[in-house]
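Some notes on the structure that comes next.
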Amino acid sequence: MYPWLFRTFLSKMDPEAAHHSAMLVIRLLGFPPFSWVARALTKPDPSLRVQTLGLTFDAPFGVAAGFDKDAVGVDGLHALGFGHVEVGTLTAIPQAGNPKPRLFRLIPDRAVINRMGFNNRGSYAAAARLERARRRSHRTVLGVNIGKSRIVDVENAVVDYVTSTRLLAPVADYLVVNVSSPNTPGLRSLQAVESLRPLLSAVKDAAEDTPLLVKIAPDLSDDDIRDITALALELGLQGIVATNTTIARDDLGLVTDPAVVTAAGAGGLSGKPLAPRALEVLRLVRSLVPDDFCVISAGGVETAADVRERLDAGATLVQGYTGFLYRGPLWARQINRGLVRA
């Protein structure tokens, strides 16, 4: 049913408008009795539970940051069977993001290019919503992804991140420092170890007991990944999210018309073409860290076989986003059932 709906209607809508329409339905699914019915159909098998970060995840597969930027759909996503939801990216200062259009489909590649630019209503507003969500007796694990406010200079990024941390760490099950989005000017420069060390140190102090992870780009060299991983271990972080979107185009084997790709312009590419590099980065990070260090793999995951491949390669948890667009609302259910059969 969903493939027909996508081909016939959704693929012809503006991608961002289609996403907002889907979020309206997801938010509705967060309310009883819709949530009861949906959860009865999608609840993961108990054999899929994962213990990490001092938390119990119903299943290893969750929603990556970027899908629910303002923490408005966490109840509905829980009802759809996801084992966790990472909201954000949230910034200390509310911002509209980059000019539209800023989201583009590469349908033959089952991929997306986005240059959203951390559009969100700010950490303060999200904190209130997350506090309410955490009070619910039946809820998903809530990750919170934080980034730099666009109007804040890179030189002042530490204070900006710490502001978000103090607001959000108390209402997050775990916190992720995003220094790897390509859509905020200067942000990726914070991945350099000399810049990253004071940032992560300050955020870790502000986060107190909340588990802290850092999200890295697939475009880093292997040596840079080794350096960041070593820094995360040195500072006592609990994990790494690998990876964000990529700015690469030429080496991805894209089959979409090159004119369409060029017309989409700059931004981060996600979806199936990112899978090989995301898997490489996962294997590299896992080879450098102890078994109890949490490695969350994201990028190019669409099927249960994809998730199983990441788990076998050492991922503690797996996240998806772009696959939701191509697979539809029963995506998590399909993956969870496939994992049980495997």
Side-chain angles (χ1 to χ4, degrees), residues 53 65-66 69-71 86-98 116-127 130 142-217 219-221 223-245 247 268 285 293-294 296:
L53 302 175
K69 292 181 181 295
D70 278 306
E86 189 173 307
V87 302
T89 297
L90 291 159
T91 56
I93 301 170
Q95 54 190 42
N98 291 322
M116 303 299 289
F118 292 169
N119 53 306
N120 73 104
R121 286 176 274 178
S123 297
Y124 180 82
L130 287 165
L142 296 171
V144 179
N145 186 296
I146 60 172
K148 183 184 76 69
S149 303
R150 189 181 186 90
I151 66 171
V152 173
D153 294 335
V154 171
E155 294 77 11
N156 299 316
V158 171
V159 173
D160 190 61
Y161 276 92
V162 167
T163 299
S164 288
T165 301
R166 288 177 175 154
L167 287 166
L168 295 168
V171 293
D173 291 318
Y174 71 87
L175 196 70
V176 179
V177 174
N178 185 352
V179 287
S180 51
S181 170
N183 300 317
T184 295
L187 185 75
R188 284 192 170 192
S189 67
L190 293 172
Q191 291 180 114
V193 168
E194 60 270 19
S195 301
L196 193 56
R197 183 187 301 276
L199 172 60
L200 292 180
S201 296
V203 171
K204 189 172 189 304
D205 288 343
E208 297 182 347
D209 295 330
T210 303
L212 182 64
L213 300 84
V214 61
K215 187 168 187 175
I216 61 175
D219 309 307
L220 291 168
S221 69
D223 284 343
D224 287 337
I225 292 169
R226 290 186 184 96
D227 289 343
I228 293 174
T229 303
L231 178 63
L233 292 172
E234 174 193 332
L235 297 178
L237 270 64
Q238 284 74 34
I240 288 177
V241 182
T243 64
N244 213 315
T245 58
I247 58 173
V285 172
F293 188 84
C294 181
I296 302 179

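Values below: every heavy atom of this structure, side chains too, minus hydrogens, waters and symmetry copies. Quick caveat: nothing in here was measured; it's all calculated off a predicted structure.
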Inter-residue atom distance [X].[atom1] - [Y].[atom2], 0.5 Å rounding:
X	Y	atom1	atom2	result
L90	Y124	CG	OH	14.5 Å
D70	L130	CG	CG	10.0 Å
I93	I151	CD1	CD1	4.0 Å

Name each donor-acceptor pair under 3.5 Å that joins a side chain in residues 230-242 to protein atoms two or more places apart or in another chain, with its distance.
from : atom 1 : to   : atom 2 : distance (Å)
E234 : OE1    : R197 : NH1    : 3.2
E234 : OE2    : R197 : NH1    : 2.5
Q238 : OE1    : L212 : N      : 2.7
Q238 : NE2    : G236 : O      : 3.2

Side chain to side chain, V144 and T210, heavy atoms closer than 4.5 Å:
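They are not in side-chain contact.
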Determine whether the side chains of N120 and T91 contain a donor N or O and an acceptor N or O closer than 3.5 Å.
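Side chains of N120 and T91: pair found under 3.5 Å.
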Contacts of [X] that satisfy side chain to side chain contact (heavy atoms under 4.5 Å, CB included) - sequence neighbours left out:
X	answer
D205	none
D173	L55, R134, R139, V141, L142
E208	none

Atom pairs and distances, donor-acceptor, side-chain atoms in residues 156-172, under 3.5 Å, two or more places apart:
from : atom 1 : to   : atom 2 : distance (Å)
D160 : OD1    : S149 : OG     : 3.0
D160 : OD2    : S149 : N      : 2.7
D160 : OD2    : S149 : OG     : 3.2
Y161 : OH     : K148 : N      : 3.4
Y161 : OH     : N178 : O      : 2.7
T163 : OG1    : V159 : O      : 2.9
S164 : OG     : A92  : N      : 3.0
S164 : OG     : S123 : OG     : 2.8
T165 : OG1    : Y161 : O      : 2.8

Taking all non-hydrogen atoms of both residues, which atom of L53 and which atom of C294 are closest, and how far apart?
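Looking at all heavy atoms of both residues, the shortest contact is CD2-CB, 3.7 Å.
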What's the shortest heavy-atom distance between A217 and T243, and which atoms?
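So the minimum-distance heavy-atom pair works out to C-CB, 4.2 Å.
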How far apart are the C-alpha atoms of V176 and I296, what are their side-chain angles, what is the distance that settles it, and do they pass the side chain to side chain contact (heavy atoms under 4.5 Å, CB included) test?
CA-CA 11 Å; V176 179; I296 302 179; 5.8 Å; no
Under 3.5 Å donor-acceptor, Q95 side chain and G117 backbone:
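Yes; at least one donor-acceptor contact below 3.5 Å.
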Salt bridge (charged side-chain N to carboxylate O under 4.0 Å, His left out) with R150: which residues, sequence neighbours excluded?
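Checked R150 against salt bridge (charged side-chain N to carboxylate O under 4.0 Å, His left out); zero matches.
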